[in-house]
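Here the structure comes first, spelled out in structure tokens, and everything after it is commentary.
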Amino acid sequence: MEEIRNMSQYAPGGIEEKWYAAWEEAGLFGPDPDLEGDPFVITLPPPNVTGILHMGHCLGNSIQDTLIRWARMRGQPALWIPGTDHASIATEQVVSRQMAAEGIDKREVGRDAFLERAWNWKDQTHGRITQQIRRLGCSLDWSREAFTMDEARNRAVTEAFVLLKEKGLIYRDVYLVNWCPHDLTAISDDEVEYQEIEGHLWHLKYPLADGGGHVTVATTRPETMFGDTAVAVHPNDPERKQLIGKMVKLPLTDREIPIIGDHHADPEKGTGFVKITPAHDPNDFEVGRRHDLEQVICMTPAGVMNEQAGAFAGLGRSECRQAVVEALDKDGLLDKTEKHVHQVGHHDRCGHVIEPYLSRQWFLKMDELAAPAVKAVAEGEIKLFPERWVGVYDNWMNNIRDWCISRQLWWGHRIPVWYCDGCDEEIAARTAPAACPACGGGKLTQEEDVLDTWFSSWLWTFSPLGWPDQTPDQEKFHPTSVLVTAPDIIFFWVARMIMASYEFKAEKPFAEVLFHGIVRDDQGRKMSKSLGNSPDPILLIDEYGSDALRCSLVMLTPTGQDIFFSEATLEVGRNFCNKIFQATKLVLGTWEEAGLPDGNPNDTAPRILEIESLGSADDWAERPAGLFAELWTGVFGGTPPVELQDGDLRLEDRWILGRLLDTVSGCGANMEKRRLNDAAYGVFNFFRHEFCDWYLEAIKPRLRDEQERGPVLATAVLGLAVSYKLLHPVMPFITEELWSWLPPSRGFLMNSSFPGFRGKTPFQRECAGFEQVMEIVGAIRNLRNELGVQPGKRGRAILRVPGDAVAAELTGGLALIALLAKMEDAEVVVGGPDPSPAGATVAGAVEIFLPMEGLVDLDKEKARLNKELAGIENWMKGCRAKLANEKFTANAPDHVVQKQKDLLAENETKAGKLREMLDALG
RNA sequence: GGGCGAAUAGUUCAGUUGGCUAGAGCGCCUGCUUUACACGCAGGAAGUCACAGGUUCGAGUCCUGUUUCGCCCACCA
């Protein structure tokens, strides 16, 4: 410790790792079994097990850890469950790519060999991501860690599937799904990302079979014409409806297809004729079903034209597009080509253009599941912050579509359905059935497909607690308290978790959802690998410290708003860490010099500290030293190092105690409101500007005085300790470290009390008094600066007041004023002539004169005072007009009117004094 | 096409139920090796609160419209 104490600047290296290990070893990450009261539970949104930590994780995890640590210190059994996600497609892609780089085709080696490799990869990367999360300081209960594809979670997924299947909510159908020709799997609607593409609209002529001319269809995808099975016009289209029933010759083929009437065709759009390709377009699919059209598939799953395309077979879909257009043009069947901007779906994982593709998939019916989930949010049983997301949620839930849950992948939960070779029976079962229940046949084949990743994550509030088994954890910790996540997965995950919980647990999954912003770069762009604008958080932690990163993220993150991140923002956190460190060094250095006792080793502080229960503001005024000692006991467990008398608590001590309790109160209120940034910012401001800039400066002479330093050290150490407590949820490492330095501290800060205060702030009179000191000091500093007084030149400050009462109020602060304004001394006079020559200014009812022989430039001084006077007069003009307005005095609340009157009086006095000063200058 | 969000100092953002002589960090200017801290201290400059109307005694805040930027949703050929 000695070594750290001697650091000239705070360097977090080593300290952070040390405390994380110490907390873990002490078993502080799990819920404290001795605590009663409502548990506070969060399940960590599981990061991709093969991924690495990014800034988004840092923000979300910092918020969660802040909440968890706060709740833990408040005395609730706090549980934060870690876990990782198998991330089906993402992981399969990575592993396939690795294999491809070695020249291995995954389809050649087969499912089992591929999975073995994937599991190995998972085992390697799992340690990396969890290690990174530890670096952040997250107080997760690692003994309860879960993985979406581990044994227990497998059972949960199977159970969920079978229950839904038995209920008839899961069905299998041949349907047009979003197909990724690159990854060769179906994906859900939500995994499709639409991008605006500048394409073309080709007008193609389809000759009528009877030779009487042609119809012109407009399309963005001519290559799908080989799958056309009709041309549609609107049934009420006056100009075209008479063609319904006729046949057209499909160019480049020998097929004839009918012209049908369907309202899908809009007479106002395109040419009024639409080619219908039921196997390759979602709208056409619907049209095809309505008219019982044949579904002609003209591509392979990989997006290559098949035999339906005749001479074009074997071409890729985009090559074929060019070729078809050229061929039609040659035949005179290309009417025209227009530029056309439209939205094209891409796979959000690999970026390839989605192909609507006809295939047999598994679906989950959603409307029945959605109903209770919509109700829960509408009725406020689950609260969303910020509230505006309720609208987005409702809109999606009310238009919910069935969820395609099967994926043609290997890395995932294999669908627990077996097909009987004998009778085609479909058996959904929790374990592999021995024989077919229908025909008794013993030859059963399991479904090849796996489930969508989100089919395991939607169980995430209860599967980590042991569901479907009846576990004590489930009873105790479900529903969970808060879900913290970014809003971009509100549909993928949040909405589905709500549905799953009501379906399987018949209760809500969490009481509230806290949506935080997305971390962007300093130009507002999303962080992405391809842009290379995503910093590695671990490198940032190495350089700035985890506390700095957490502090900056939490403090600078307005609720739910995206944040623009640049490394400069980390300096705020880092500098603040150093500030706390330096202040501690100053106070403890003096403590050691003074040789104060460390306190009794057996002292134990209460686990919960509600400061208002110690006494009221009046009690504080009456016996401040007694209550101070009680507060000390509440914080440290023992008694103060010296016996304090009421008189030991001076103006500045009482002021800082008042401010401290006010900060405790504001911090708690903001935490309750989930305004984490305000909570952190309030403590930051208190500590930096009030505690360091004013209080520590004010007590320096007393710290050097052997007679006086005992009592003032007690106040300073208490101020440090309470500040650490308030800051600990956001900056766990440095606060734990510095807490351990405080001689009277016992045990870990992490599971000590988080002070609460809901009472009326004590020492209001002293607070006002100190604020007057601050104002006068500010005025003198300003004056000195404007006059260009040498910093080393001290001299006397004369404070002229109108009467004895004001003078009496001031006397107690004179020494402080002289100290803080760097004057030789300060003196109060009642009335009397202007000292001259002197620089002069006004602070409230106090006129301030700095007699400065030869220093004052008369003209400059006059100009300065005139400028100030003009500003005040201008303001007073407006204020008088306002007060003269009867409507204002009649309508505005009394306190507002009174405030205006007070301000006016104050400014009038000040203006009067400024005029007198000007007169005195001649 | 529909919805949501943002617009306040050079910049990044606070500003909660209307009471504001509009704040903070960074940056800028001036001064300071004051025995915790230059990752610091003190002082200062800097704003038509996007625009136009309206409600009100009073609008950064509420209402209507407009502009610009961003995001989400939607099957438009």
* **Sidechain-backbone polar pair: A:Ser552 side chain, A:Thr569 backbone, donor-acceptor under 3.5 Å** => yes
* To do: Pick the C1' atom in B:rA52 and in B:rA59, then give their distance to the nearest Å.
  => 15 Å
* Nearest-nucleotide pick for A:Asn891, side chain only, options being B:rC75, B:rC57, B:rC73 -> B:rC57
* **Separation of the P atoms in B:rG25 and B:rG44, to the nearest angstrom** => 13 Å
* Presence of donor-acceptor pair under 3.5 Å, side chain of A:Glu697 and base of B:rA36 -> yes
* To do: Check whether any side-chain N or O of A:Asn575 sits under 4.0 Å from OP1 or OP2 of B:rC37, and answer yes or no.
  => no
* At under 4.0 Å between heavy atoms, what does A:Phe576 touch on the DNA or RNA strands: base, sugar-phosphate, or nothing? -> nothing
* **A:Asp693, nearest nucleotide to its side chain (from B:rC20, B:rA42, B:rC57)** => B:rA42
* **Proximal nucleotide (of B:rC73, B:rA42, B:rU35) relative to the A:Arg781 side chain** => B:rA42
* For B:rG19, take OP1 and OP2 only and decide whether either is under 4.0 Å from a side-chain N or O of A:Lys882. => no
* Quiz item: cation-pi between A:Arg240 and A:Phe273, 6.0 Å / 45° -> yes
* Check the surroundings of atom OH in A:Tyr175: do more than 12 heavy atoms from other residues, nucleotides or ligands lie under 6.0 Å from it? => no
* Which nucleotide in the set B:rC39, B:rU12, B:rA36 lies at the smallest distance from any side-chain heavy atom of A:Gln582? -> B:rA36
* Does A:Lys579 make a side-chain N or O approach to OP1 or OP2 of B:rC41 shorter than 4.0 Å? -> yes
* B:rC75 phosphate, OP1 or OP2, under 4.0 Å from A:Arg401 side-chain N/O -> yes
* Strand RNA chain B as a dot-bracket string - pairs counted if Watson-Crick or G-U with both distances under 3.5 Å, | where the partner lies in another strand -> (((((((..((((.....[...)))).(((((.......))))).....(((((..]....))))))))))))....
* Quick one: list whatever passes salt bridge (Lys or Arg N to Asp or Glu O under 4.0 Å) with A:Asp189, sequence neighbours left out. => A:Arg401
* To do: Check the surroundings of atom CG in A:Asp894: do more than 12 heavy atoms from other residues, nucleotides or ligands lie under 6.0 Å from it?
  => no
* Taking only the side-chain heavy atoms of A:Asp678 (C-beta and beyond), determine which of B:rC71, B:rG5, B:rA14 contains the nearest atom. => B:rA14
* To do: Check every atom of B:rC73, B:rC75, B:rU21 against the side chain of A:Trp875 and return the nucleotide holding the closest atom.
  => B:rU21
* Structure fact -> Heavy-atom nearest nucleotide on RNA chain B taken for A:Pro791 and for A:Val572; more 5' hit belongs to A:Val572
* Under 4.0 Å between any heavy atoms, over every strand shown, what does A:Cys692 touch: base, sugar-phosphate, or nothing? Just pick one. => base
* Asked: Contact class for A:Gln343 (heavy atom, under 4.0 Å): base, sugar-phosphate, or nothing?
  -> base
* Asked: What interatomic distance, in whole Å, is found between C1' of B:rA7 and the corresponding atom of B:rU66?
  -> 14 Å
* Quick one: is B:rG44 close enough that its OP1 or OP2 comes under 4.0 Å of any side-chain N or O from A:Asn782? -> yes
* Phosphate oxygens OP1/OP2 of B:rC39: is one of them under 4.0 Å from a side-chain N or O of A:Arg688? -> no
* Asked: For A:His895, which contact category applies under a 4.0 Å heavy-atom criterion: base, sugar-phosphate, or nothing?
  -> nothing
* Distance between P atoms of B:rU55 and B:rA14 (Å, rounded) -> 31 Å
* Nearest of B:rA42, B:rU16, B:rC37 to any side-chain atom of A:Asn578? -> B:rC37
* Look at all strands and tell whether A:Ala232 reaches a base, only sugar-phosphate, or nothing, counting heavy atoms closer than 4.0 Å. => nothing
* **Aromatic plane relationship, A:Trp179 with A:Tyr357 - under 30° parallel, 30 to 60° tilted, over 60° perpendicular** => tilted
* Asked: For the base of B:rC39, is there a side-chain donor-acceptor partner from A:Gln9 under 3.5 Å away?
  -> yes
* Carefully, step by step, assess A:Thr889 and A:Glu886 under the rule side chain to side chain donor-acceptor pair (under 3.5 Å). => CA-CA 5 Å; A:Thr889 47; A:Glu886 272 173 38; over 6 Å; no
* A:Arg794 near the nucleic acid: base, sugar-phosphate alone, or nothing, with a heavy-atom cut-off under 4.0 Å? -> nothing
* Asked: When you match A:His689 and A:Thr889 each to their closest nucleotide on RNA chain B, which lands nearer the 5' end?
  -> A:His689
* To do: Check every atom of B:rU21, B:rG19, B:rA36 against the side chain of A:Pro893 and return the nucleotide holding the closest atom.
  => B:rG19
* To do: Could you state the atom-to-atom distance from CG of A:Asn785 to C1' of B:rU30 in whole Å?
  => 7 Å
* Taking the side chain of A:Lys700 as its heavy atoms from C-beta onward, which of B:rA36, B:rA74, B:rC75 lies nearest to it? -> B:rA36
* Asked: For A:Leu883 and B:rU21, what is the distance between atoms CG and C1' respectively, to the nearest whole Å?
  -> 14 Å
* To do: Identify whether the distance between the nearest side-chain nitrogen and carboxylate oxygen of A:Arg574 and A:Glu567 falls below 4.0 Å.
  => no
* Asked: Under the 3.5 Å rule, do the base of B:rU21 and the side chain of A:Asn907 count as making a donor-acceptor pair?
  -> yes
* Under 4.0 angstrom, heavy atoms only, what part of the nucleic acid is A:Ala568 near: base, sugar-phosphate, or nothing? -> nothing
* Just say parallel, tilted or perpendicular for the rings of A:His200 and A:Trp202, cut-offs at 30° and 60°. => tilted
* A:Lys205 atom NZ, over 12 foreign heavy atoms within 6.0 Å -> yes
* NA contact type, A:Asp266, heavy-atom cut-off 4.0 Å: base, sugar-phosphate, or nothing? -> base
* **Whole-Å gap separating P (B:rC26) and CZ (A:Phe564)** => 20 Å
* To do: Send over the distance from A:Leu903 CG to B:rA22 P, rounded to a whole Å.
  => 12 Å
* Spacing of the C1' atoms in B:rG60 and B:rC20 (rounded, Å) -> 9 Å
* Beyond-backbone contact of A:Trp389 with A:Val494, side-chain heavy atoms, under 4.5 angstrom -> no
* **Which nucleotide in B:rG5, B:rG15, B:rC57 has an atom nearest any side-chain atom of A:Arg675** => B:rG15
